[in-house]
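For reference, the structure discussed in these notes is given below.
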Amino acid sequence: MSKRLVRVALLLCDTPVPKVLEEIGDYHVIYRHWLETALASYPDPAIAQNTELVLDAYDVVGKGEYPTANQLTGPGGYDAVMMTGSKHSAYDETPWIIKLIAFIRETATSPSTQHVKIVGVCFGHQIVAMALGGRVVPGTNGWEIGVYGNEMTDAGRYWWTGSVEGQGGNDKLLTPAPRSRSRSSARL
């Protein structure tokens, strides 16, 4: 049985703080570790053992790197595009953020890339919301930091069991994308 390749384009939206960079590595190293650990713990060992992760990093901030159209649509193209977190604000109108939003919008809505899953972590999630018509604005209460629980929807309960809590910090508010975008956002 040949291994199934799962190809992920990791869009690097920042660099970790110097202490993390020194002790653990950059986001490419960190995300590879997270994804490989998750794959190894997959409930079906046959799937876990017969799946290989390919994780290619693109520096969207400093170098303006992105996967090509062929890397998204061609044979052996990416299965997913994942964005890291960032110290930047998604609503900042800097050229690299404007280009990132346009790239995600095009990837999420183009018929030729409907197979590509889109994952945004923190800042990346905000970029997905903006790309699909949502808004991100500064929070009125300033920074919120702590451990927060989450109420699960039916879809959430399908994917997770038990309670989901996470340590987090944020100073942004997201408004959902209009319902007219639900066809694209349903696959995210």
Residue from T73, D79, V81 passing side chain to side chain contact (heavy atoms under 4.5 Å, CB included) with V116: V81
Taking all atoms of both residues into account, what is the closest heavy-atom pair of [X] and [Y], and its distance?
X	Y	result
V136	Y91	O-CD2, 3.4 Å
M130	R105	O-NH2, 3.8 Å
I97	S89	CD1-O, 3.3 Å
S110	Q114	O-NE2, 3.2 Å
G25	P16	O-CG, 3.7 Å

Mind checking whether V60 and M83 have side chains closer than 4.5 Å, heavy atoms only? no
Salt bridge (charged side-chain N to carboxylate O under 4.0 Å, His left out) filter on E106, not counting sequence neighbours, yields none
Among all residues two or more places apart in sequence or in another chain, which pass the salt bridge (charged side-chain N to carboxylate O under 4.0 Å, His left out) test with D59? none
Test your reading of the model: is there a side-chain donor-acceptor pair from [X] to the backbone of [Y], 3.5 Å cut-off?
X	Y	value
T84	C13	yes
H115	L72	yes
T51	A48	no
T68	Q71	yes
D26	H28	yes

Are [X] and [Y] in one and the same hydrophobic cluster, where Ile, Leu, Val, Met, Phe, Trp and Tyr link if side-chain heavy atoms are under 4.5 Å apart?
X	Y	value
L10	V20	yes
V29	L35	no
I47	V6	no
I98	V128	no
I24	L55	yes

Parallel, tilted or perpendicular, as decided by the 30° and 60° cut-offs, for the rings of Y31 and Y27: perpendicular
Using the side chain to side chain donor-acceptor pair (under 3.5 Å) criterion, which residues pair with E93? Sequence neighbours excluded. none
Gap between atom [atom2] of [Y] and atom [atom1] of [X] - 0.5 Å precision:
X	Y	atom1	atom2	answer
I127	I118	CD1	CD1	12.0 Å
K117	T107	NZ	OG1	13.5 Å
L39	Q49	CG	CD	10.0 Å

Only one of Y58, W96, F103 forms a ring-ring contact (aromatic ring centres under 6.0 Å, His included) with Y66, so which one is it? F103
Where do L53 and E36 land on the side chain to side chain contact (heavy atoms under 4.5 Å, CB included) test, with the steps shown first? CA-CA 7 Å; L53 173 69; E36 287 176 345; 3.9 Å; yes
